[in-house]
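First comes the structure, then the notes that go with it.
Both ligands and their constituent atoms are indexed starting at 1 by order of listing.
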Amino acid sequence: MPFVEKFVIHGGKRLEGEIEISGAKNAAVAILPATLLAKGVFTIENVPDIRDISSMLQILEAMGAVVSYISKSAINIDTRNIKSATVPYELTKNLRASYYLLGALLGMYNIARVAMPGGCNFGGVRPIDLHLKGFSALGAMISTDGGVVEAKAHKLIGASVFFDKVSVGATINVILAAVKARGTTIIENAAREPHIVDLANFLNLMGANIKGAGTDIIKIEGVSELHGCDYSIIPDQIEAGTYMVAAAATKGDLLIKNVIPKHLDPISAKLRECGCIVDEYDDAVRVTATGRLHGCNIKTLPHPGFPTDMQPQFTTLLALSEGTSIVSDSVWDNRFRYVDQLTRMGAQIQIEGKAAIVQGVPSFKGAPVKADDLRAGAAMIIAGLCAKGTTEIEDIIHIDRGYEDVVRKLTAVGAQIARVDFPQSEALHTQKRA
Ligand code: UD1
């Protein structure tokens with residue numbers, strides 16, 4: 001009989017203590033495929049131990065890279081004997097970020113064939129038209145057949161690329177394709193997320209010439225050769241933000257370590273607005289909440305605005321705070337699916353177009369719920385930690401994509417949460433892969 005896993009949470013415990021943050025998922029899923037741009041040896045530290053990373057490493061191995069673990073968070077990758085530029089379909093379909101293989105392989109071999117990515121889709125379409133437009137600007141021919149995208153060029157030539165919408169993925173993909181192109185590429189209206197800066201720093205250590213990452217104009221001078229290097233990935237801003245909100249929601253007191261406080265500014269500012277104390281140290285933040293917080297309004301925006309990947313978690317906090325809050329997501333069209341689950345626990349939230357009107361309630365009641373996607377799953381955990389009684393979260397496969405050791409980390413600060421096997425036939429919700 002097939003078994004699946006769920007989280008069982010006995011809520012009502014105040015989180016107190018210290019949590020260590022892992023490496024950034026969204027930086028790592030770009031940096032790992034970037035190793036394909038050189039035939040070399042890499043040592044990469046602060047790699048998060050999560051499912052998206054094991055998926056990406058499996059893909060690299062299937063292509064001929066040799067991957068070995070130095071420790072739980074440090075790996076060696078040897079790309080000297082990559083034999084195949086073909087990416088196995090079975091391995092890409094569960095990983096949204098597999099689209100970075102397009103940019104990396106196009107940049108290295110002038111040809112890339114990758115199946116359209118899987119991963120979280122927030123209930124809507126996640127287009128990659130901007131990525132493809134960027135590749136075309138560099139001289140690539142694009143075709144799609146049976147869900148597989150092919151990009152090929154005789155030789156990529158640097159060009160000006162203007163994005164009419166800010167896109168993290170398209171910015172990263174064009175950087176990957178342009179680092180070895182002939183001449184200069186200028187990306188205008190580029191995304192400015194910390195993981196874009198991290199990728200650019202990594203590529204520059206490999207011998208690339210990228211300037212302006214972190215601003216909206218990025219200039220890339222193509223180089224002919226790149227080489228292996230040693231690198232340490234930045235801490236995960238969203239994992240840190242999730243635990244900051246968990247501390248606030250449980251009226252707790254958490255010291256969150258291994259973070260870059262500057263990356264957390266938009267989250268810290270909103271927590272303070274709600275009545276939390278947020279203290280910043282060199283590489284840690286401490287979040288303390290002594291009573292019920294009050295609501296605030298949130299609008300998600302590209303960095304340095306409030307991150308859409310923190311929207312479900314923060315909305316959960318607002319649903320337990322005093323007064324009415326309005327949350328609007330201007331990045332994704334349909335990122336409020338999880339609200340149905342929160343409603344089962346007693347939340348009062350109304351969706352109007354791209355906004356949620358949140359009427360704070362004093363408490364939630366535990367219920368069986370599911371993780372619709374990665375961050376929706378994180379929101380369910382926060383809701384369960386605060387709820388009276390027991391919350392069971394199904395479809396936790398989504399949460400495992402992006403949160404390392406979530407049970408261990410939360411248990412160490414006082415949560416009662418367990419991972420439990422149960423027969424798939426008893427699942428209330430269909431278990432799907434991300
Ligand atoms: C990345 C993050 C994801 C986060 C998102 C926004 C990774 C692996 N994932 O996703 O967690 O929620 O940034 O911060 O880093 N768009 C287009 N055409 C395109 C590409 C995007 O219209 O070709 C639109 C999208 O539909 C969306 C917006 O642009 O409305 C932003 O998307 P984008 O920044 O590209 O998100 P991802 O890179 O996919």
Got Lys409 and Glu239 here, is their nearest side-chain heavy-atom distance under 4.5 Å?
yes
Taking non-hydrogen atoms only, is Leu130 closer than 4.0 angstrom to ligand 1 via side chain, backbone, both or neither?
both
Applying a strict 4.0 Å limit to heavy atoms, is Ala170 in contact with ligand 1?
no
Contact (N/O only, under 3.5 Å) between Asp129 and ligand 1
yes
Would you call Asp282 and Lys257 a salt bridge, using N to O less than 4.0 angstrom?
no
Give a yes/no verdict on whether any heavy atom in Arg335 is under 4.0 Å from an atom of ligand 1.
yes
I'd like to check Phe7 versus Ile399 (side-chain heavy atoms, cut-off strictly below 4.5 Å). Are they in contact?
yes
A side-chain contact here means heavy atoms from C-beta on lying under 4.5 Å apart; do Leu293 and Cys276 qualify?
yes
The criterion is side-chain contact (heavy atoms from CB on, under 4.5 Å); which residues satisfy it with Lys180, sequence neighbours excluded?
Leu37, Met108, Leu226
Determine whether a donor-acceptor pair (N or O, by modelled atom type, separation under 3.5 Å) exists between the side chain of Lys133 and the backbone of Ala170.
no
Would you call Asp236-Lys25 a salt bridge at under 4.0 Å N-O?
no
Ligand 1 to Ile128, heavy atom cutoff 4.0 Å, flagged ligand atoms 19 (C), 23 (O)
When you measure from atom 30 (O) of ligand 1 to each heavy atom in Val331, Asp52, Val168, Asp373, which option holds the nearest one?
Val331
Quick one: salt bridge (Lys or Arg N to Asp or Glu O under 4.0 Å) partners of Glu188, sequence neighbours excluded?
none
What do you reckon, does Asn26 have a nitrogen or oxygen under 3.5 Å from a nitrogen or oxygen of ligand 1?
yes
Using a 4.0 Å cut-off to any heavy atom of Gly169, which atoms of ligand 1 qualify?
35 (O), 38 (O)
Quick one: look at His303 and ligand 1, take heavy-atom pairs under 4.0 Å, and tell me if it's side chain, backbone, both or neither.
neither
Determine whether the side chain, the backbone, both or neither of Tyr99 has a heavy atom under 4.0 Å from any heavy atom of ligand 1.
side chain
Show which atoms of ligand 1 fall inside a sub-4.0 Å distance from at least one heavy-atom site of Asp309.
3 (C), 4 (C), 11 (O), 12 (O)
Decide whether an N or O pair under 3.5 Å exists between Thr308 and ligand 1.
no
